[in-house]
Q: 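Could you have a look at this structure, given as structure tokens, before my questions?
The chain is numbered in sequence order, starting from 1.
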Amino acid sequence: MSSSILGDYIQTYSKVLLSVGRVDLLLLDGPEDARETLNQYEFFLPYLKKGALLFVHDWFTEKARLVKPLVEGSGDWEVKKILGFPRSLGFALAVKV
């Protein structure tokens with residue numbers, strides 16, 4: 001049995017994040033909108049502690065354009081794997097260090 005949570009991520013997850021205090025795995029795969037992906041990343045970032053996994057779908061598209069340089073250049077993330085062409089538009093796995 002699976003369950004889904006539908007709704008605005010800020011309204012839906014604010015209470016959950018306050019109670020659990022951390023996110024162990026975050027998958028960014030929303031609309032093809034770099035600003036929205038960045039907003040989601042920034043919302044969850046304070047809860048991504050050392051060892052957290054970050055998956056970003058469409059790594060080579062407009063969707064990840066603003067997040068990609070933050071992950072690759074911050075020193076807070078170690079990019080472990082990137083799946084690319086010809087089978088994927090990019091799927092990145094990074095670990096919080």
Side-chain angles (χ1 to χ4, degrees):
M1 177 183 219
S2 65
S3 62
S4 298
I5 299 174
L6 302 175
D8 179 81
Y9 67 93
I10 294 172
Q11 292 175 350
T12 302
Y13 288 105
S14 291
K15 292 177 188 173
V16 173
L17 292 171
L18 287 174
S19 69
V20 297
R22 68 178 292 129
V23 172
D24 295 318
L25 186 150
L26 177 62
L27 169 63
L28 295 173
D29 185 22
E32 193 66 24
D33 179 340
R35 176 60 53 192
E36 182 59 28
T37 303
L38 178 62
N39 290 343
Q40 292 172 8
Y41 172 78
E42 290 176 338
F43 174 79
F44 287 101
L45 185 59
Y47 301 96
L48 294 165
K49 309 299 183 192
K50 183 177 180 180
L53 302 177
L54 173 65
F55 292 93
V56 184
H57 189 239
D58 298 328
W59 186 249
F60 299 117
T61 72
E62 171 63 17
K63 183 188 303 184
R65 178 178 55 85
L66 299 174
V67 169
K68 184 178 174 184
L70 295 177
V71 172
E72 291 179 326
S74 74
D76 292 335
W77 295 99
E78 182 180 342
V79 178
K80 294 288 195 177
K81 187 73 174 177
I82 299 174
L83 302 177
F85 304 109
R87 298 186 185 258
S88 173
L89 293 175
F91 193 86
L93 163 61
V95 178
K96 183 86 181 230
V97 293

Q: According to salt bridge (charged side-chain N to carboxylate O under 4.0 Å, His left out), does anything in residues 56-67 pair up with another residue at least two apart or in another chain? List the pairs.
A: D29-K63, D58-K63, E62-R65
Q: Apply side-chain hydrogen bond (donor to acceptor under 3.5 Å, both in side chains) to K49 and list each qualifying residue two or more places apart in sequence or on a separate chain.
A: none
Q: Identify, with sequence neighbours excluded, every residue that meets ring pair (Phe, Tyr, Trp, His ring centres under 6.0 Å) alongside F44.
A: Y13
Q: Are F60 and I82 side-chain neighbours, meaning at least one heavy-atom pair lies under 4.5 Å?
A: yes
Q: Can you hop from V56 to Y9 via hydrophobic side chains spaced under 4.5 Å?
A: yes
Q: Just jot down the side-chain contact (heavy atoms from CB on, under 4.5 Å) partners of L66, sequence neighbours excluded, or say none.
A: A34, R35, L38
Q: Going by side-chain hydrogen bond (donor to acceptor under 3.5 Å, both in side chains), name the residues that satisfy it together with E32, two or more places apart in sequence or in a different chain.
A: T61
Q: Sequence neighbours excluded, which residues qualify as side-chain hydrogen bond (donor to acceptor under 3.5 Å, both in side chains) partners of D24?
A: R22
Q: For E72, which residues count as a side-chain hydrogen bond (donor to acceptor under 3.5 Å, both in side chains) partner, sequence neighbours excluded?
A: none
Q: Supply the members, apart from L25, of the Ile/Leu/Val/Met/Phe/Trp/Tyr cluster built from side-chain contacts under 4.5 Å; use none for a lone residue.
A: L27, L53, F55, L83, F91, L93, V95
Q: Applying side-chain contact (heavy atoms from CB on, under 4.5 Å), name anything that partners L45, two or more places apart in sequence or on another chain.
A: Y41, L48, W77, K96
Q: List in chain and number order the residues that pass side-chain contact (heavy atoms from CB on, under 4.5 Å) with P31, two or more places apart in sequence or in another chain; answer none if no residue qualifies.
A: D33, E36
Q: Sorted by first residue and then second, give each ring-ring contact (aromatic ring centres under 6.0 Å, His included) pair with at least one member in residues 16-40; sequence neighbours left out.
A: none
